[in-house]
Undergrad: 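Take this structure first; my questions come after.
Counting starts at 1 for both ligands and their atoms, following the listed order. FYI, side chains are in, hydrogens and waters are out, and symmetry mates aren't considered; it's all heavy atoms of this structure. Everything numeric in this text was worked out from a predicted model, so none of it was measured.
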Amino acid sequence: MVRPQLGHMDPDLMPMLEETSALLRRVFQTANELAFPISGTGTAGMEACLVNTLEPGDRIVVAVSGFFAQRIAEVAARAGADVEVVEAPWGQAVDPADLARTLGRRRAKVLAATHVETSTGVLQPVQEFAAIAQEHGALLLVDAVASLGGVDLPVDQWGIDICYSGSQKCLSAPPGMAPVTANDRVRRLPRAHPVRSYYLDLTLLWQYWGHPHAYHHTVPVAFVFAIHEALRLTVEEGLPARFARHALNASALGAGLEALGLRLFAPAPLRAPSVVTVEVPVGVDEARVRERLLTDHGIEIAGGLGPLRGRIWRVGLMGHSSQDRLVLLLLTALETALASEGFRFEPGAGMAAASRVLAASSAA
Ligand code: PMP
C-alpha cells in the first residue's frame, strides 16, 4: 500500500487490474469472466450483488439464522424487493428442506444465504442450497465475506450464480475492497430499469476492471495494491493448504476451549473453520475478559451481536491470523483472564488439548 501511487487510469495499473481479476477467479474457483473487487467493504459487495440481481417487486428468499443474513434481507427490502425470510434459530443452519418448501410454494428470482454466518460461527450447507435453487429456477446469491480464501467454496462446481466477499477476513488485506463474481445468467438478466445504484452497477464497473478499462470512479489504488498482494499470497499458499490450515486451527482452538470447561456455541457438524464461537460461562463478565485480552495480551476477540450480545465470544481465525501459535497464545491468555473472573478449570488443560490436535495433524 505504501508503493508510490499510480493514477487510476495509468496504463501501468491496467495489468494489475487484470491480474487481480485472474487471481480472484482462482480464489472463487470460477471461470466467470466478471470477477473484481468493489471499492467498499463487504456490505458494498452485498448491496452490489442484490441491486444487480433484483428489481423492485422481484421476489427473494433469504435463509436467515444470524445477523449478516438479516442484513441481506434488509438491503433487499430497501432495494424494493419482495423479501421472504426462511429462519432457523441463531446457532443453527437454515434447513434446506424449509428453503425447498418455500421456493416450491411460490417462485423466487433469488435465493440468498451466508456461507459462514460470522455472528454465530455456523457454516451453512451452501451446496445443498444450490441444488434447491437450481431445482426451483432461482439464482443463488452467496455471502462469502467470512469464508473466501479460508473455507472451500467452489463457485462454479456448486452452481453459485453471484457471490461477494470482503478483503479483510480470510484474505487478510485491509478492509476496503469487496471481491465479487457473477456468471452469465446474472449478467444476461433482462431488466426493466437500469441498476438503481450507479456506483455499484456491475456492468459499468466491469467496463473499468475489464476491457476497455473505461473510467467509472476513482478506484482507491492503494487498496488495489493491497488486495492484489493478498490474493497473490493466497494463491501462492494454495487453496487446499489454506483450507486445511483454517480447519486445523479452528479444531485445535475448539478442543482447547472445551478442555477448559467452556461450551462451544455452534454445534459440532456446523462449526465454521474461520470463526469459533464459545458461550460465556455464568458469572463471567464477557466484556471484561475481552478487555483484558486486548490490553494485557494484544489479542482482540469479538462479543456477540444482536440476541447473542453478552452470551458468546467470537474468535476470528482468518487468513494470516489462523496460526497455531496464535491459538496457543489465546488459550494461555484466556486462562489468565478466566482465572481472574473466578472461573475454575484445570490449569494448562486448554493448551494441552490444542497441542494434541496440532501434533496429531503434523504426525499424520
Ligand atoms: N457478511 C458477513 C458474513 C460478515 O461477516 C460481514 C462483516 N463482519 C459482512 C457481511 C459485512 O461486511 P463489512 O463489515 O466489511 O461491510
Undergrad: Say whether Y164, considering both its backbone and side-chain N or O atoms, lies within less than 3.5 Å of an N or O atom on ligand 1.
TA: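 So ligand 1 has no N or O lying under 3.5 Å from an N or O of Y164.
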Undergrad: Considering only protein heavy atoms, which is closest to atom 1 (N) of ligand 1, and at what distance to one decimal place?
TA: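 Among all protein heavy atoms, the one nearest atom 1 (N) of ligand 1 is D143 OD2, 2.6 Å.
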Undergrad: Show me which atoms of ligand 1 lie under 4.0 Å from any heavy atom of G42.
TA: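 Listed by number with element: 12 (O), 13 (P), 15 (O), 16 (O).
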Undergrad: Could you tell me if the side chain of F265 sits less than 4.5 Å from the side chain of V276, heavy atoms only?
TA: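 Heavy-atom side-chain distance check fails, nothing below 4.5 Å.
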Undergrad: Roughly how far, to the nearest 0.5 Å, is the OG1 atom of T114 from the CG atom of L141?
TA: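 It is 11.0 Å, given to the nearest 0.5 Å.
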Undergrad: Is H115 in contact with ligand 1, taking contact as a heavy-atom separation below 4.0 Å?
TA: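 Contact check H115 vs ligand 1: negative.
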Undergrad: Report the nearest protein non-hydrogen atom to atom 6 (C) of ligand 1: residue, atom name, distance rounded to 0.1 Å.
TA: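 Going by distance alone, atom 6 (C) of ligand 1 is nearest to F68 CE2, 3.3 Å.
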Undergrad: Check the angle between the aromatic planes of H213 and Y208 and answer parallel, tilted or perpendicular using the 30° and 60° thresholds.
TA: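 Ring orientation, 0 to 90° scale: perpendicular.
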Undergrad: Are V122 and V280 grouped together when hydrophobic residues (ILVMFWY) are joined by side-chain heavy atoms under 4.5 angstrom apart?
TA: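 Result: no, two separate clusters.
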Undergrad: Considering only heavy atoms from C-beta outward, does the side chain of L262 approach that of F343 to under 4.5 Å?
TA: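 Side chain of L262 against side chain of F343, heavy atoms only: contact under 4.5 Å found.
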Undergrad: Taking only heavy atoms of V116 into account, list the atoms of ligand 1 that are under 4.0 Å away from them.
TA: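 So the atoms of ligand 1 that pass are 3 (C).
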Undergrad: Assign the ring pair F36 / W209 to parallel, tilted or perpendicular, where the plane angle (0 to 90°) is split at 30° and 60°.
TA: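 Ring orientation of F36 relative to W209: parallel.
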Undergrad: For the pair D161 and R187, find out whether any cationic side-chain nitrogen is under 4.0 Å from an anionic carboxylate oxygen.
TA: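 Salt bridge: no.
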Undergrad: Check if I72 has a non-hydrogen atom at a distance under 4.0 Å from any atom of ligand 1.
TA: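 So I72 does not count as touching ligand 1.
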Undergrad: Using 30° and 60° as the class boundaries, would you call the ring planes of Y198 and H216 parallel, tilted or perpendicular?
TA: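 Plane angle under 30°, so parallel.
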Undergrad: State if K169 counts as touching ligand 1 under the rule of any non-hydrogen atom under 4.0 Å.
TA: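 True for this residue.
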Undergrad: Can you find an N/O atom of E117 closer than 3.5 Å to an N/O atom of ligand 1?
TA: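 It does not: no N or O of E117 is found under 3.5 Å from an N or O of ligand 1.
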Undergrad: For atom 3 (C) of ligand 1, find the nearest protein heavy atom and state the residue, atom name and distance (0.1 Å precision).
TA: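 Atom 3 (C) of ligand 1 sits closest to the protein heavy atom T118 OG1, 3.1 Å.
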Undergrad: What part of T43 sits under 4.0 Å from ligand 1 if we count only heavy atoms: the side chain, the backbone, both or neither?
TA: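 The answer is both, backbone and side chain.
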